[in-house]
Q: 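One structure is given below, represented as structure tokens, and several questions about it will come after.
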Amino acid sequence: MAKSLLEEKLYSQEFLVTTEIGPAKGADISEMVHHIDLLKDRVDAINITDHQSSVMRFPSIGGCLLVKERGGEPILQVTCRDRNRLALQADLLFAHSRGVHNVLCLTGDSIDVGDHKEAKPVFDMDSVQLLRLARTLESGTDFAGNQLKGSPQFCLGSTVHPEADFIEPQLLKFDKKVAAGAQFFQTQGVFDLPALRRFMQYASQFNVKILAGIIVMASARMAKYMNENVPGITVPQAVIDELATAEKGKGLQKGVEVAARMMKTIREEGLCHGVHVMAVGNERVVPDILEAAGLACVRA
Amino acid sequence: MIVAEQKKLDEILRMVAPYERVLILGCGTCVTVCGAGGEHEVSYLHNALKVAQRKSGNGTHALSEYTLKRQCDPEFLDMLAGRVEDVDAVLSLACGIGVQAVSERFRQLPVLPGVNTSFMGMPKEWGIWDERCAACGDCRLAETGGICPITRCTKGILNGPCAGTKSGKCEASREMDCAWVQIYQRLEGLRQLDSMRRYYPPRNFRVIPRPRRIVAKSTAGGNDGQVAA
């Protein structure tokens with residue numbers, strides 16, 4: 001039996017659509033709930049980020065519980081930046097107990113890029129080790145080999161960077177993640193189709209599902225900012241130039257257009273098993289993107 | 001070697017303020033080489049403190065100076081015996097080990113740190129030092145082409161680069177090389193990439209029950225060349 005609705009869909013022939021919501025910065029979660037309600041039936045699953053870019057926010061697990069309460073399918077993001085192996089295991093047991101079984105295992109951004117630069121970076125583990133840790137819990141023991149009373153079940157994912165400027169070490173790490181038990185990958189933002197095609201050719205030797213990461217940009221300025229400040233992201237000049245052609249106040253509309261076109265191509269070529277839409281603060285336009293990409297439908 | 005940086009004069013002035021007679025104590029090893037606390041820096045700081053006192057008009061400190069060959073070695077600390085009897089505090093320009101060694105030896109005496117001990121490293125060029133060792137107690141340089149991921153990767157991760165690396169640089173700083181890109185290239189050159197393909201479990205932090213202690217097994221010290229059973 002599938003461990004989650006997402007897992008069931010991963011092994012169907014469906015073209016999957018996932019998206020992500022950045023949790024609230026503060027105790028007022030109304031906007032986040034609004035975004036969940038807006039998206040839960042339009043996508044197959046919603047990631048709730050874990051202090052993305054090392055900026056302190058409402059926790060991923062809290063957001064995942066909200067997604068469940070509202071009737072959606074959550075993906076818990078777990079990074080190794082803030083928790084050691086004891087805390088990571090406890091969080092995973094808790095997630096399972098509350099019906100959150102989809103887990104995206106990440107190393108986590110550097111503390112230096114965030115808003116608590118003086119905090120202690122934990123990194124007791126990395127993403128590969130975290131995947132193994134989750135699989136170890138499933139097998140009925142904790143990471144130190146002690147017997148568990150009841151074992152959890154997870155559908156595990158991770159990330160990969162198909163457009164890294166030095167791809168070989170990234171592929172080597174990808175292999176390790178697959179061997180460690182990753183079933184699906186949500187890629188970093190893709191812009192360069194030839195690079196994505198090359199990556200997919202490589203990835204097709206493994207029995208894993210690849211959801212291409214689609215970043216929705218609100219302006220050429222935002223694209224440049226991301227190039228400067230967001231780890232691992234490189235928006236090509238051609239995309240920046242296209243965003244710059246937008247009329248004043250219509251940057252986001254252009255961004256939606258660019259994102260939708262990319263998604264459409266990926267789907268029509270059958271290049272990946274799905275897409276993962278990252279709207280970075282513009283979650284409200286995700287339905288428009290899906291509409292423009294021809295991917296709008298009820299996915300409950 | 002241990003690399004340290006001298007504290008700002010303001011902070012040093014605040015530390016020594018309660019004490020009338022202060023011995024500025026240099027150290028002849030690492031901090032001499034990195035220019036933070038050797039004989040030269042002791043003398044320079046001595047003058048700087050005198051000038052600052054004169055300027056502020058409220059300084060009545062009697063300052064003296066001396067530089068030991070090594071502050072972290074009890075043998076050398078004997079040489080201090082006659083020099084600390086008539087001081088109220090020692091301002092040590094040694095690393096944190098030296099400060100504590102002096103403090104342990106002369107228990108009645110406040111010992112103040114004049115430098116911030118930064119890391120273990122080596123000079124890149126004059127005036128620039130780079131961290132190279134985290135003293136993790138479980139050296140794996142044989143598997144990483146002689147490049148330490150624990151020290152040189154900002155996350156200290158063991159199974160390859162994170163996705164934040166760009167143009168061979170680290171996501172934490174564009175000035176910093178990505179250790180894992182370097183490790184990959186080095187291993188490739190050595191035809192040892194297989195060692196990077198291997199899975200490495202999380203570090204064993206039990207090799208670091210703090211504070212650590214090493215007891216030599218024989219008077220010769222160190223490894224006698226025999227393989228452990």
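Just so we're on the same page: letters track the sequence lines, and every chain starts at 1. These numbers come from a predicted model, not from an experiment. Heavy atoms only: backbone and side chains are in, while hydrogens, waters and symmetry mates are out.
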Q: Are the side chains of Lys155(B) and Pro121(A) in touch, meaning some heavy atoms are under 4.5 Å apart?
A: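 A side-chain contact under 4.5 Å is absent here.
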
Q: So which part of Arg174(B) gets closer than 4.5 Å to some heavy atom of chain A, the side chain, the backbone, both or neither?
A: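 Only the side chain of Arg174(B) comes within 4.5 Å of chain A.
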
Q: Any side-chain heavy atom of Glu171(B) sitting closer than 4.5 Å to one from Asp109(A)?
A: yes

Q: Using heavy-atom distances under 4.5 Å, tell me whether Gln129(A) contacts chain B through its side chain, its backbone, both, or neither.
A: both

Q: Report yes or no: does Asp165(A) contribute a side-chain atom to a donor-acceptor pair with the main-chain N or O of Lys166(B) at less than 3.5 Å?
A: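 The answer is no, because no donor-acceptor pair under 3.5 Å joins these two groups.
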
Q: Under 4.5 Å between any side-chain heavy atoms of Thr154(B) and Phe123(A), yes or no?
A: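 Thr154(B) does not reach Phe123(A) side chain to side chain.
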
Q: Calculate, to the nearest 0.5 Å, the distance between atoms CD and CD belonging to Glu168(A) and Glu188(B) respectively.
A: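 The distance works out to 7.0 Å.
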
Q: Counting C-beta onward and ignoring hydrogens, is there a side-chain heavy-atom pair between Pro161(B) and Phe166(A) closer than 4.5 Å?
A: no

Q: Are Trp180(B) and Lys173(A) side-chain neighbours, meaning at least one heavy-atom pair lies under 4.5 Å?
A: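 No - every pair of side-chain heavy atoms lies 4.5 Å or more apart.
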
Q: Under a 4.5 Å cut-off applied to non-hydrogen side-chain atoms, are Pro169(A) and Met196(B) in contact?
A: yes

Q: Would you say that Tyr184(B) contacts Gln170(A) through its side chain, given a criterion of any heavy-atom pair below 4.5 Å between the two side chains?
A: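 Not touching, per the 4.5 Å side-chain cut-off.
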
Q: Would you indicate whether the side-chain heavy atoms of Val128(A) and Tyr199(B) approach each other to under 4.5 Å?
A: yes

